[in-house]
Amino acid sequence: MKIRIISVGKKCDKYLSLGILDYCQKIQPYAQIELIELNDSSPRKEEAAEIEKCKIEEGKKILKLLKNQDYVVTLDLDKTEMNSLQFSTFLVNKLEESGSFLTFIIGGSYGLSEEVKRRANFALSLSKMTFLHQMSRLILLEQIYRAFKIYHHEVYHK
């Protein structure tokens, strides 16, 4: 099984990088994790047209990394929320259905382009709260680890 996380944005602070590394190592017995970090685009001005241009630029970089057969899950604040048990079932089912390969996409600070959103097979919300994009990587990895522990009936989830 392989899970890829594509994220747009700055490199993580050291404390987040350590947490991300820790969860990647914990997930290794269950699945291979690939983290891809893309540089974000900065608008010249905080205007809607400039921001949209940046989202389109970032979207093109993301779409270049995707294959037609990829099952793509975007993280989107206003989309489907799940509890950890539901996410565990979702994750395992999608890995089985998609030939053991799943891609999550975390957009930049302005969100995802419409083209990336249309390419997604599913849109997931981690919470109604807004998190740092770097922190979203850590939270997603923790939930992936928790999902595998739940699926394998191993001690971790309470």
Side-chain angles (χ1 to χ4, degrees), residues 1-41 54-55 58-67 69-113 116-117 119-158:
M1 289 186 214
K2 185 171 182 178
I3 299 170
R4 180 171 49 178
I5 300 173
I6 300 171
S7 56
V8 177
K10 301 173 187 169
K11 297 281 186 200
C12 291
D13 292 329
K14 186 175 180 177
Y15 75 98
L16 290 170
S17 294
L18 291 172
I20 288 168
L21 178 63
D22 183 47
Y23 277 105
C24 284
Q25 290 171 345
K26 288 178 178 181
I27 293 168
Q28 283 303 314
Y30 308 104
Q32 181 184 352
I33 291 283
E34 179 184 9
L35 301 178
I36 299 172
E37 294 178 342
L38 301 174
N39 291 329
D40 58 348
S41 300
C54 289
K55 286 170 39 175
E58 293 168 356
K60 287 179 181 178
K61 292 179 200 174
I62 292 167
L63 292 168
K64 281 184 184 179
L65 297 171
L66 302 176
K67 296 178 180 68
Q69 69 272 19
D70 289 354
Y71 190 91
V72 176
V73 178
T74 54
L75 297 188
D76 193 329
L77 186 65
D78 296 318
K79 297 300 180 182
T80 306
E81 286 187 79
M82 297 181 195
N83 64 37
S84 295
L85 294 172
Q86 292 167 326
F87 181 68
S88 177
T89 301
F90 171 83
L91 181 73
V92 172
N93 286 344
K94 294 307 171 193
L95 282 167
E96 289 172 357
E97 291 171 13
S98 65
S100 297
F101 193 84
L102 193 56
T103 299
F104 289 91
I105 299 174
I106 302 171
S109 58
Y110 296 106
L112 293 166
S113 70
V116 172
K117 289 179 182 182
R119 172 57 184 87
N121 300 92
F122 188 80
L124 174 70
S125 174
L126 294 177
S127 169
K128 294 291 182 199
M129 294 180 175
T130 303
F131 301 115
L132 294 170
H133 285 77
Q134 299 94 328
M135 194 166 286
S136 294
R137 297 174 207 170
L138 178 61
I139 293 167
L140 178 60
L141 285 165
E142 191 279 336
Q143 285 300 300
I144 291 169
Y145 176 66
R146 182 179 297 272
F148 282 120
K149 293 300 253 182
I150 291 168
Y151 178 74
H152 291 283
H153 306 290
E154 296 174 355
V155 177
Y156 179 74
H157 175 70
K158 293 183 181 188

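Because only heavy atoms are used, hydrogens play no part in the values below, and waters and symmetry mates are left out as well, while side chains stay in.
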J.: Between SG of C24 and CG of L141, what distance do you get to the nearest 0.5 Å?
T.: 5.0 Å

J.: Counting only N and O atoms by type, is there a donor-acceptor contact under 3.5 Å from the side chain of D13 to the main-chain atoms of Y15?
T.: no

J.: What closest approach, in Å, do S136 and L126 show between heavy atoms, and which atom pair accounts for it?
T.: O-CD1, 3.9 Å

J.: Can you name the nearest heavy-atom pair linking E58 to G111, along with the distance?
T.: OE1-O, 4.1 Å

J.: Within the structure provided, determine whether Q28 and I33 are in side-chain contact (heavy-atom separation under 4.5 Å).
T.: yes

J.: Please confirm whether the backbone N or O of M129 pairs with a side-chain atom of S127, one donor and one acceptor, at under 3.5 Å?
T.: yes

J.: Taking salt bridge (Lys or Arg N to Asp or Glu O under 4.0 Å) as the cut-off, I'd like each qualifying pair that reaches into residues 99-111, sequence neighbours left out, listed once.
T.: none

J.: Please report the shortest heavy-atom distance between E81 and K128, naming the atom on each side.
T.: OE2-CE, 3.0 Å

J.: What pairs meet the salt bridge (Lys or Arg N to Asp or Glu O under 4.0 Å) rule with one or both residues in residues 88-110, with sequence neighbours excluded?
T.: K94-E97

J.: In Å, rounded to the nearest 0.5 Å, how long is the span from OG1 of T103 to CD1 of I6?
T.: 5.5 Å

J.: Does the ring center of F122 lie less than 6.0 Å from the ring center of F90?
T.: yes

J.: Passes side-chain contact (heavy atoms from CB on, under 4.5 Å), Y23 versus K26? Steps please.
T.: CA-CA 5 Å; Y23 277 105; K26 288 178 178 181; 4.0 Å; yes

J.: Output, in order, the C-alpha distance, side-chain angles, deciding distance and verdict of side-chain contact (heavy atoms from CB on, under 4.5 Å) for K67 and F101.
T.: CA-CA 11 Å; K67 296 178 180 68; F101 193 84; over 6 Å; no

J.: If you round to the nearest 0.5 Å, how far is CD1 of I62 from OG1 of T74?
T.: 9.5 Å

J.: What's the spacing between L140 CG and I105 CD1 if we round to 0.5 Å?
T.: 11.5 Å

J.: Tell me, yes or no, whether the heavy-atom count around K61 atom NZ, taken from other residues, nucleotides or ligands under 6.0 Å, exceeds 12.
T.: yes

J.: To the closest 0.5 Å, what do you measure between CE (M135) and CD1 (I20)?
T.: 9.5 Å

J.: R4 versus D70: any side-chain heavy-atom pair under 4.5 Å?
T.: yes

J.: Can you name the nearest heavy-atom pair linking H133 to G108, along with the distance?
T.: NE2-O, 2.7 Å

J.: Are any of the side-chain heavy atoms of L95 and F148 separated by less than 4.5 Å?
T.: yes

J.: Testing the basics here: between K117 and L112, what is the closest heavy-atom pair and its distance to 0.1 Å?
T.: CE-O, 3.6 Å

J.: On the 0 to 90° scale, with breaks at 30° and 60°, tag the F104-F87 ring pair as parallel, tilted or perpendicular.
T.: tilted

J.: Show your reasoning for whether side-chain contact (heavy atoms from CB on, under 4.5 Å) applies to S17 and L21.
T.: CA-CA 6 Å; S17 294; L21 178 63; over 6 Å; no

J.: Does any part of the side chain of I3, heavy atoms only, come nearer than 4.5 Å to the side chain of L91, both counted from C-beta?
T.: yes

J.: Would you check if I106 and R137 make a side-chain contact, meaning some heavy-atom pair closer than 4.5 Å?
T.: yes

J.: Where do C54 and D40 land on the side-chain contact (heavy atoms from CB on, under 4.5 Å) test, with the steps shown first?
T.: CA-CA 8 Å; C54 289; D40 58 348; over 6 Å; no

J.: Any non-hydrogen side-chain atom of Q143 less than 4.5 Å from a side-chain atom of M82?
T.: no

J.: Give, for atom CD1 of I139 and atom CZ of R146, the distance between the pair rounded to the nearest 0.5 Å.
T.: 12.0 Å

J.: Give me the atom names and distance for the closest heavy-atom approach of N83 to L85.
T.: OD1-N, 3.0 Å

